[in-house]
Protein chains: 2
Amino acid sequence: MKKPCQHHTHKKQELSTLTSRLRRESRKVTGPRSAILEILRHHPHPLTNKEIFAELPAGECDLVTIYRAIQLLEKLGMVKRFDFGDGAARFELVAEGADGHYHHLVCTQCAGVVKIEECFPAEIERQIATKNRFQAVTHRLEFFGVCPDCQK
Amino acid sequence: MKKPCQHHTHKKQELSTLTSRLRRESRKVTGPRSAILEILRHHPHPLTNKEIFAELPAGECDLVTIYRAIQLLEKLGMVKRFDFGDGAARFELVAEGADGHYHHLVCTQCAGVVKIEECFPAEIERQIATKNRFQAVTHRLEFFGVCPDCQK
DNA sequence: CCACCAATTGCAAATCGTTTGCAACTAAAC
DNA sequence: GTTTAGTTGCAAACGATTTGCAATTGGTGG
């Protein structure tokens, strides 16, 4: 008996919401950018730039343009970067209002990804910060394992 | 009043202990390898290959040799890889008998590193594994913040 | 509707970390 | 010593990401 959506609030943002965010920052809403946002909107998984490129209709834009667009979106906080340790950065649209803080469980065989709600206990993190007199402490946490399909 | 060593057991392994491990695997104990092991022995921090290279007496060996040596040491479980998300892998000698599982608190300003004892609660990890029917679940966890010296 | 300008794009080339091919070299065993 | 599998240096290949630059374009003001 699985709940329909056990993850975070996942309502897809309107494309217009996203583009207006761009305009507000006096950035242009161009063909490549809308296309990239559309891809991200429809993929609730972290994607590499190359994967986004592959999803794009052939010749829509250059790979470099994607790197630049993603870079911009990340700077504006519209996209969050994830690192699964395989040498390629992955990006995911940040849900409206959310801080984009959550983690993943990645299959080491097929690279499948499940979003994880659990997070490192905030209190312990606070203790770590205090004990070491560090400020603005955050963490990067990802889980790895073998998914059901890859276990046979 | 700081305890002398608040980290894990940190007794330096003898170089001979390390080299014999190599011989046991029918690998050769060469100049470059001993030199690299010496560097690692004296640096209880994760080092990039390039940093190891810089520590080495000039011309001791090629950077490529370090990559290869580290690769071997990692395969033998003598060295553990860490990823601070800055594009360069870091390596640290695994304490004898230890599984090398611990984390770091990294300063985002100066890249200073503190070893962290706390770990993600094993029980919750088990729950995550069970709930998603994943096997052999582990995690990668690092903390980031601003160290005391960089706070002014 | 048009002109204007900063923002954007494509393409080629540069960077950076890491890996690989290969011929010359050497530690360790006999 | 001789032998040989394991190593090394050097050059080149690689994959991800960035940068320079000239050509293009979205959006604003008129």
Side-chain angles (χ1 to χ4, degrees), chain A residues 15-16 18-39 46-76 78-91 111, chain B residues 15-16 18-39 46-76 78-91 111:
Chain A
L15 181 58
S16 57
L18 295 167
T19 56
S20 65
R21 175 77 202 283
L22 281 178
R23 269 189 264 269
R24 202 185 318 146
E25 306 273 348
S26 57
R27 308 326 281 261
K28 293 176 179 174
V29 176
T30 65
R33 286 181 184 173
S34 324
I36 293 169
L37 286 170
E38 275 298 296
I39 307 262
L47 295 176
T48 64
N49 285 301
K50 206 191 286 184
E51 283 167 347
I52 296 174
F53 185 60
E55 291 289 333
L56 242 31
E60 167 66 51
C61 80
D62 198 275
L63 217 206
V64 176
T65 299
I66 299 183
Y67 272 96
R68 285 194 269 229
I70 287 290
Q71 208 169 27
L72 172 65
L73 293 174
E74 190 187 10
K75 192 170 56 176
L76 299 186
M78 299 172 64
V79 138
K80 174 137 191 260
R81 171 189 301 254
F82 289 99
D83 178 6
F84 292 171
D86 66 349
R90 279 153 217 272
F91 304 88
Chain B
L15 180 59
S16 58
L18 296 167
T19 55
S20 65
R21 175 77 201 281
L22 281 178
R23 270 189 263 267
R24 202 184 319 146
E25 307 274 347
S26 57
R27 309 324 280 266
K28 293 177 179 172
V29 177
T30 64
R33 286 180 182 173
S34 323
I36 293 170
L37 286 170
E38 275 298 297
I39 306 260
L47 294 176
T48 63
N49 285 300
K50 206 191 288 185
E51 284 168 346
I52 295 173
F53 185 59
E55 291 289 333
L56 241 33
E60 168 65 52
C61 81
D62 198 275
L63 217 205
V64 176
T65 299
I66 298 183
Y67 273 95
R68 284 194 269 229
I70 287 290
Q71 209 168 27
L72 172 66
L73 294 174
E74 190 186 10
K75 192 170 57 178
L76 298 186
M78 299 172 64
V79 136
K80 174 136 191 261
R81 171 190 301 254
F82 290 98
D83 178 5
F84 292 171
D86 66 348
R90 279 152 218 273
F91 304 88

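Naming convention: chains lettered A, B, ... in sequence-line order (proteins, then strands); numbering from 1 in each chain.
- Evaluation of the salt bridge (charged side-chain N to carboxylate O under 4.0 Å, His left out) rule for B/R81 yields B/E74 as partners, not counting sequence neighbours.
- At a threshold of 4.5 Å between non-hydrogen side-chain atoms, the residues B/R21 and B/L76 count as touching.
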Task: Under 4.0 Å protein heavy-atom contact, by nucleotide of nucleotides 22-30 of chain D - B base, S sugar-phosphate only - done: ---BBS---

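- Rounded to a whole Å, the CG atom of A/L47 is 13 Å from the P atom of D/dT17.
- Rounded to a whole Å, the NZ atom of B/K75 is 13 Å from the C1' atom of D/dT7.
- The CZ-C1' distance, from A/F53 to D/dT17, rounds to 14 Å in whole Å.
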Open item on the list: Set out, in order, the CA-CA distance, both residues' side-chain angles and the distance that settles side-chain contact (heavy atoms from CB on, under 4.5 Å) for A/K75 and A/V79, then state yes or no.
Closed with: CA-CA 8 Å; A/K75 192 170 56 176; A/V79 138; over 6 Å; no

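- Taking atom CZ on A/F84 and atom C1' on D/dA16, their separation rounds to 17 Å, with Å as the unit.
- Screening residues 53-65 of chain A for salt bridge (Lys or Arg N to Asp or Glu O under 4.0 Å), with sequence neighbours left out, gives no hits.
- With hydrogens and angles disregarded, no donor-acceptor distance shorter than 3.5 Å links the side chain of A/R27 to the backbone of A/L73.
- Closest-nucleotide positions on DNA chain D for B/R33 and A/R81 were compared, and the one nearer the 5' end corresponds to B/R33.
- To the nearest 0.5 angstrom, B/Y67 atom OH is 10.0 Å from B/I52 atom CD1.
- Defining each end axis of the helix from C/dC1-D/dG30 to C/dA13-D/dT18 as the rotation carrying four pairs' C1' atoms onto the next four, with five pairs an end, the two axes are found to diverge by 30° to 10 degrees.
- The side-chain heavy atoms of A/K28 and A/L22, taken from C-beta on, include no pair separated by under 4.5 Å.
- Rounded to whole Å, atom C1' of D/dT19 lies 15 Å from atom CG of A/L63.
- Across all their heavy atoms, B/D83 and A/G85 have their closest contact at OD2-CA, 4.0 Å.
- In the 5' to 3' direction, nucleotides of DNA chain C lying under 4.0 Å from heavy atoms of chain B begin and end at C/dG17 to C/dA28.
- Nearest-nucleotide positions on DNA chain C place A/G59 closer to the 5' end than the other of B/D86 and A/G59.
- Using modelled atom types, one side-chain atom of B/E51 and one backbone atom of B/T48 make a donor-acceptor pair closer than 3.5 Å.
- Residues from residues 66-73 of chain B lying near DNA chain C, meaning a heavy-atom separation below 4.0 Å, are B/Y67, B/R68, B/Q71 in numerical order.
- Across all non-hydrogen atoms, the minimal contact from B/S34 to B/L15 is O-CD1, 4.3 Å.
- Using a 4.5 Å cut-off on side-chain heavy atoms (C-beta onward), B/C61 and B/I66 make contact.
- Using a 4.0 Å heavy-atom distance criterion, A/E60 is classed as a sugar-phosphate-only contact.
- Across all their heavy atoms, B/L63 and B/F53 have their closest contact at N-CE1, 3.7 Å.
- Summarising the geometry, the separation between CD on A/E51 and P on D/dT17 is reported as 11 Å, rounded to the nearest angstrom.
- A/V29 is not listed as a side-chain neighbour of A/R33, based on a closest heavy-atom distance of 4.5 Å or more.
- Backbone-only engagement by B/S26 is indicated by non-hydrogen atom pairs under 4.0 Å involving sugar-phosphate atoms exclusively.
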TODO: In sequence, state the C-alpha distance, the side-chain angles, and the governing distance for A/F91 and A/K80, and then conclude on side-chain contact (heavy atoms from CB on, under 4.5 Å).
DONE: CA-CA 5 Å; A/F91 304 88; A/K80 174 137 191 260; over 6 Å; no

